[in-house]
Amino acid sequence: QVQLVESGGGLVQAGGSLRLSCAASGRTFSDYTMGWFRQAPGQERECVALISWSGGSTYYDDSVKGRFTISRDNAEDMVYLQMNSLKPEDTAVYFCALRLRPTLTLDQTEYDSWGQGTQVTVSS
């Protein structure tokens, strides 16, 4: 079982930046996909960004393209989400997720482990 713990959330003004981190512990494997998802109040959880094991394949939701960057450090079992030019509509709880398969997918049921989430609030 893999445990995921997010950190780095907080309150920031519009136009500001935050960097989220996710640490994986427990039994980890090679060739797994990592992703960031978010859920705003009253809305369904949505995929923000995904990254393959090598980092060679990534996915970004259209709403964050050009502003967010996902990266990972496999030696440290870490994944990051650099968020720039934040907007009030980015306000949500952000979750880290792990999929024990090499291919990227938006299907949330395909993810094997989830973190507890970290709150990001962007004020206008």
Side-chain angles (χ1 to χ4, degrees):
Q1 185 70 21
V2 178
Q3 293 79 44
L4 302 175
V5 178
E6 303 96 336
S7 60
L11 173 64
V12 64
Q13 289 188 330
S17 298
L18 282 174
R19 187 192 194 209
L20 304 184
S21 300
C22 174
S25 63
R27 185 183 179 188
T28 57
F29 304 83
S30 61
D31 211 16
Y32 55 89
T33 299
M34 296 294 295
W36 288 96
F37 296 76
R38 68 185 179 187
Q39 186 168 23
Q43 297 187 21
E44 294 186 354
R45 189 167 59 189
E46 62 178 1
C47 181
V48 176
L50 304 172
I51 187 166
S52 63
W53 168 257
S54 68
S57 295
T58 57
Y59 162 86
Y60 295 96
D61 186 78
D62 286 345
S63 64
V64 307
K65 280 181 182 176
R67 300 188 298 122
F68 290 12
T69 302
I70 188 170
S71 61
R72 64 191 294 170
D73 181 341
N74 292 333
E76 299 293 330
D77 287 324
M78 296 288 295
V79 64
Y80 306 97
L81 186 68
Q82 178 66 44
M83 305 186 295
N84 299 327
S85 302
L86 282 162
K87 304 175 181 180
E89 51 264 43
D90 294 319
T91 295
V93 177
Y94 283 71
F95 299 89
C96 173
L98 177 150
R99 179 175 190 248
L100 298 171
R101 296 288 189 275
T103 53
L104 308 186
T105 179
L106 301 181
D107 184 351
Q108 297 182 34
T109 65
E110 291 288 323
Y111 287 80
D112 300 282
S113 297
W114 292 83
Q116 82 290 349
T118 185
Q119 176 71 46
V120 171
T121 303
V122 184
S123 63
S124 58

Listed once per pair and sorted, the disulfide (SG to SG under 2.5 Å) pairs that draw on residues 48-79, sequence neighbours left out: none
Worked verdict on Val12 versus Val122 for side-chain contact (heavy atoms from CB on, under 4.5 Å): CA-CA 5 Å; Val12 64; Val122 184; 4.0 Å; yes
NZ or CZ of Arg67 within 45° of Tyr60 ring axis and under 6.0 Å: no
Separation of Asp61 CG from Cys47 SG (nearest 0.5 Å): 7.0 Å
Pairs where residues 1-20 contributes a residue and the test salt bridge (Lys or Arg N to Asp or Glu O under 4.0 Å) is met, not counting sequence neighbours: none
Closest non-hydrogen atom pair between Pro102 and Ser52, with its separation: O-CB, 4.4 Å
Note, Leu18 side chain near Phe68 side chain (heavy atom, < 4.5 Å): no
For the student: nearest non-hydrogen atoms of Trp36 and Ile70, plus distance: CD1-CD1, 3.7 Å
Residue pair Ser113 / Gln1: nearest heavy atoms and the distance that separates them: OG-NE2, 4.0 Å
From OG (Ser124) to CD (Gln13), nearest 0.5 Å: 9.5 Å
Heavy-atom closest pair, residues Met78 and Ser21: CE-CB, 3.9 Å
Distance in Å, Thr58 OG1 paired with Lys65 NZ, rounded so as to fall on 0.5 Å steps: 9.5 Å
Option from Thr33, Leu81, Val79 for which side chain to side chain contact (heavy atoms under 4.5 Å, CB included) with Ile51 holds: Val79
Donor-acceptor contact present, side-chain Thr121 to main-chain Thr91, <3.5 Å: no
Inter- and intrachain pairs under salt bridge (Lys or Arg N to Asp or Glu O under 4.0 Å), touching residues 40-55, at least two apart: Arg38-Glu46
Of all pairs that satisfy disulfide (SG to SG under 2.5 Å), the ones with a partner from residues 52-87, not counting sequence neighbours: none
Side-chain touch Met34/Cys96, heavy atoms, less than 4.5 angstrom: yes
Sidechain-backbone polar pair: Asp90 side chain, Val120 backbone, donor-acceptor under 3.5 Å: no
Sequence neighbours excluded - salt bridge (Lys or Arg N to Asp or Glu O under 4.0 Å) pairs with any residue from residues 104-118: Arg99-Glu110
Pairwise side-chain contact, Thr105 with Thr103, heavy-atom cut-off 4.5 Å (strictly under): no
Shortest non-hydrogen separation from Ser17 to Gln82 and the atoms involved: CB-NE2, 4.0 Å
Residues clustered with Leu104, ILVMFWY side-chain links under 4.5 angstrom: Phe37, Leu50, Tyr59, Val93, Phe95, Leu106, Tyr111, Trp114
Nearest heavy-atom neighbours spanning Leu20 and Met83: CG-CE, 3.7 Å
